[in-house]
Amino acid sequence: MATVHHWTGLEAKALRLALRLSVRAYAQQLGLAVATVSKWESKLSDTEPRPDTQAILDTAIGRADASVHLSFETLLSEMTSPMATTHRRVTASGPRAWECESWADDLDRVVIALSRQNFGFADSLLIRWLSRFQAPELDEKGLYLFARSTTLLGDLKRDQGAVLGPLSAEHSYAGARAVFTQLGIPRRVAQLDLSLAVVTEMSGNLETAAHNYKRLAVDDRLSRRDRARARLWVGTALSKDGQHDYATRVMTAATRDFEDLTEPDDWSVAHQKLALARRGAGDLTQALHFIEFARSSGTNESPMRRVRLDTAHSHILLSDAATRDDGPSCFGSTTRCSMNCVPWMWRSGWAAMTSVSRPTPPSCTVLGSSRPWCSPAAIVPPPPRSSHAARLSTSASTPSTSASLPR
């Protein structure tokens with residue numbers, strides 16, 4: 001909405017035209033003499049209303065709807081010369097109502113684009129808004145959208161491997177956290193603390209990352225799902241630090257939470273990480289067991305997810321003498337996938353350690369479980385698909401608009 005810091009006859013005339021009123025009707029609406037309005041119209045910026053009249057004009061523009069504000073700003077732009085524009089006393093204090101709706105819609109599109117690794121499109125949508133507005137000029141709604149955009153920009157940078165530095169995920173997350181703190185939204189602040197802990201882990205500071213994850217795993221500001229994710233990532237950091245058995249226990253607890261919450265994608269990711277922890281411990285039988293669960297469950301079929309799953313599978317195959325010959329072929333197909341589907345992985349060197357384009361595993365279910373993706377120990381041929389499984393697949397395949405947390 002437009003804000004007039006100091007009225008002159010020019011702004012007063014622009015408001016009349018935006019309201020589509022005659023001089024007489026405008027004077028009547030403001031409670032002023034027709035001669036006063038006529039003076040504004042003739043002298044424009046060379047005359048200024050009295051202080052009490054300035055307040056009346058403030059009230060009039062404050063009560064106007066979005067279309068009047070748009071017309072008012074357009075008229076002022078047309079009525080003011082380029083030189084005079086530098087001295088204008090009217091500024092836009094943020095996006096108009098319809099712009100806020102468009103901005104929110106674009107953020108939903110960004111979430112979908114990120115889930116598909118369409119980074120170029122996601123970046124263009126975010127820059128469209130972040131380049132138009134600065135945080136100091138925004139109201140609360142605009143600040144919220146600005147902080148959400150900055151968070152998603154952090155997700156984009158993280159997925160592209162830009163973890164540290166002035167144009168990194170860490171920088172974006174820290175900026176978004178400051179805005180959400182200013183707005184007093186503790187859940188968003190805690191989610192960004194979790195994202196920053198992921199950045200800490202990715203930068204190699206495993207001890208600090210594990211400490212932050214442990215703190216967030218019991219943080220009441222987070223949802224139960226986010227707390228379970230924090231617990232899972234405690235295990236990830238522990239496993240990377242060589243504490244594979246302890247990591248397995250922590251990850252198993254998180255896996256049970258994902259099962260209770262009916263989160264098949266998180267459940268699949270947890271089994272992938274359990275597989276890598278067991279590989280690190282030298283338990284290749286359990287590693288293959290868990291990676292097959294991960295490959296045959298979940299609904300997220302994004303290229304990056306496939307690359308990560310098959311990377312883990314290839315490393316496990318190479319670690320087992322009985323399956324070692326299958327490892328190189330998996331790595332070869334992964335390289336092709338990383339080049340074609342997730343090119344930034346190839347450019348950053350991740351292709352050297354990835355595997356890809358996995359053959360579709362047979363559908364499976366698990367004895368003793370009502371959920372086709374969850375986990376007791378035996379895998380048997382599946383029964384006819386239940387309505388519960390169909391609902392689960394449908395709900396899980398829709399990207400969440402709050403998807404600001406990684407991996």
Side-chain angles (χ1 to χ4, degrees), residues 1-107 124-150 175 178-179 182-184:
M1 297 298 181
T3 301
V4 181
H5 302 297
H6 193 81
W7 292 87
T8 69
L10 181 69
E11 289 83 19
K13 180 178 180 179
L15 179 57
R16 177 184 71 79
L17 294 174
L19 292 168
R20 299 185 178 183
L21 295 175
S22 66
V23 171
R24 185 175 297 278
Y26 188 44
Q28 184 176 3
Q29 178 171 311
L30 298 177
L32 301 172
V34 174
T36 301
V37 176
S38 297
K39 178 182 176 183
W40 297 341
E41 302 268 329
S42 62
K43 293 191 175 183
L44 297 179
S45 58
D46 292 331
T47 185
E48 296 181 359
R50 296 180 306 181
D52 57 335
T53 307
Q54 298 246 356
I56 293 172
L57 290 166
D58 286 338
T59 301
I61 197 171
R63 290 176 176 174
D65 60 26
S67 63
V68 172
H69 280 264
L70 177 59
S71 179
F72 175 68
E73 293 179 23
T74 303
L75 286 162
L76 273 178
S77 178
E78 294 172 350
M79 294 164 65
T80 310
S81 67
M83 182 177 294
T85 299
T86 61
H87 303 289
R88 277 178 56 187
R89 285 162 285 197
V90 181
T91 60
S93 59
R96 305 172 185 89
W98 62 269
E99 288 179 312
C100 286
E101 292 181 7
S102 297
W103 195 347
D105 289 343
D106 277 351
L107 293 185
S124 67
L125 289 174
L126 291 170
I127 297 304
R128 172 187 298 177
W129 297 102
L130 291 175
S131 63
R132 285 184 61 185
F133 301 106
Q134 299 297 318
E137 70 187 44
L138 297 172
D139 59 14
E140 285 194 0
K141 186 172 184 179
L143 278 173
Y144 180 84
L145 292 169
F146 186 89
R148 287 286 294 124
S149 299
T150 309
V179 177
Q182 176 185 339
L183 291 172

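All of these numbers come straight from a predicted model, not from anything done at the bench.
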So that I can tick it off, tell me whether Lys141 and Asp139 are bridged by a salt bridge, with the cut-off set at under 4.0 angstrom between side-chain N and carboxylate O.
no
Taking all atoms of both residues into account, what is the closest heavy-atom pair of Ser149 and Leu130, and its distance?
CB-CD2, 3.7 Å
Once the angle between the rings of Trp103 and Phe146 is folded into 0 to 90°, is it parallel (under 30°), tilted (30 to 60°) or perpendicular (over 60°)?
perpendicular
Going from CH2 on Trp129 to CG on Leu107, what distance comes out if it is rounded to the nearest 0.5 angstrom?
9.0 Å
Atom OG1 in Thr8, atom CD in Gln54: separation rounded to 0.5 Å?
8.5 Å
Over all atoms of both residues, closest heavy-atom pair of Gln29 and Leu21:
OE1-CD1, 3.3 Å
Quick one: pull up CG in Leu17 and OG in Ser71 and give me the separation to the nearest 0.5 Å.
8.0 Å
Thr47 side chain to Leu44 main-chain N or O, any donor-acceptor pair under 3.5 Å?
no
Would a 4.5 Å heavy-atom cut-off, applied to side chains only, mark Trp40 and Lys13 as touching?
no
How many angstroms lie between CD1 in Ile56 and CZ in Arg50, if you round to the nearest 0.5 Å?
8.5 Å
Exam field: side chain Tyr26 to backbone Leu15, donor-acceptor pair closer than 3.5 Å
no
Mark yes or no for whether His69, through its side chain, and Ile61, through its backbone, hold a donor-acceptor pair below 3.5 Å.
yes
Within the 4.5 Å heavy-atom criterion, are Val179 and Thr150 side-chain neighbours or not?
no
Quick one: CD on Glu11 to CG on Leu75, what's the gap to the nearest 0.5 Å?
12.0 Å
Determine whether more than 12 heavy atoms belonging to other residues, nucleotides or ligands lie under 6.0 Å from atom CZ of Arg24.
no
Give, for atom CG of Leu10 and atom CD of Glu48, the distance between the pair rounded to the nearest 0.5 Å.
11.5 Å
